[in-house]
Amino acid sequence: MAIPLVKHNIIKKKKNKFLRNQYDRKITVPTSWRRPKGIDSRCRRKFKGVTLMPNIGYGSNKKTRHTLPNGFKKFLVHNVAELNMLMMHNRVFCGEIAHNVSTLKRKAIVERAAQLNVALTNGAARMRSQEDE
């Protein structure tokens with residue numbers, strides 16, 4: 001099994017999501033973030049005690065951005081040829097088999113990943129055989 005080249009501590013500046021202004025007042029307003037654009041909006045004018053707005057200061061550290069908790073960065077794999085691209089990068093990237101890959105090709109990808117010493121995030125997915133009822 002491959003181990004990451006360097007494993008940094010991932011520090012998040014804000015763990016909970018940015019929620020839409022006044023989503024709790026009206027049922028028709030969903031929680032997903034939208035920027036307030038009203039001329040008198042307290043949130044847009046950044047008054048104290050109102051909803052926080054996302055800005056560049058909440059961004060992640062460039063060294064740890066897109067890094068998974070296991071220390072690797074994710075690379076989506078659809079076939080064995082795409083997995084071969086990770087041959088020289090198996091200490092930085094780990095493969096993730098795409099959701100629409102069949103069981104037969106999954107087995108080939110998992111075998112080749114073991115040969116190349118590439119970590120897979122979902123290597124065991126859809127590998128068990130189902131018994132007929």
Should [X] and [Y] count as side-chain neighbours, where that means a heavy-atom distance under 4.5 Å?
X: V110; Y: L120; result: yes
X: K73; Y: T67; result: yes
X: H89; Y: F75; result: no
X: N84; Y: R112; result: yes

Report whether [X] and [Y] are members of the same hydrophobic cluster (ILVMFWY, side-chain heavy atoms less than 4.5 Å apart, transitive linking).
X: V92; Y: F72; answer: no
X: M53; Y: L19; answer: no
X: F93; Y: I109; answer: yes
X: I3; Y: I10; answer: no
X: V118; Y: L68; answer: no

- request: Could you pull out all residues at least two apart from Y58 that satisfy ring pair (Phe, Tyr, Trp, His ring centres under 6.0 Å)?
  value: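 Testing Y58 for ring pair (Phe, Tyr, Trp, His ring centres under 6.0 Å), a comparison that skips the adjacent residues, returns F18.
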Hey, is [atom1] on [X] packed in by over 12 heavy atoms from elsewhere, all under 6.0 Å?
X: K14; atom1: NZ; value: yes
X: L76; atom1: CG; value: yes
X: K26; atom1: NZ; value: no
X: N9; atom1: CG; value: no
X: R42; atom1: CZ; value: no
X: R65; atom1: CZ; value: yes

Ignoring hydrogens and geometry, is there a side-chain-to-backbone donor-acceptor pair from [X] to [Y] under 3.5 Å?
X: N122; Y: I97; value: yes
X: N90; Y: N117; value: yes
X: R44; Y: G38; value: yes
X: R126; Y: V101; value: yes
X: K13; Y: S60; value: no

Over all heavy atoms of both residues, which pair between [X] and [Y] is shortest? Give the atoms and the distance, please.
X: D40; Y: R45; value: O-NH1, 3.6 Å
X: V77; Y: G95; value: CG2-CA, 4.1 Å
X: Y23; Y: P30; value: CB-O, 3.7 Å
X: N21; Y: V29; value: O-CG1, 4.2 Å
X: R106; Y: A98; value: NH2-O, 3.1 Å

With rounding to the nearest 0.5 Å, note down the distance linking [atom1] in [X] to [atom2] in [Y].
X: S41; Y: R35; atom1: OG; atom2: CZ; value: 9.0 Å
X: K12; Y: N61; atom1: NZ; atom2: CG; value: 11.0 Å
X: E111; Y: L83; atom1: CD; atom2: CG; value: 11.5 Å
X: M88; Y: L116; atom1: CE; atom2: CG; value: 11.0 Å

query: Does F47 sit in a hydrophobic cluster with other residues, and if so which ones, taking ILVMFWY side chains as linked at heavy-atom separations under 4.5 Å, directly or through other members?
result: V50
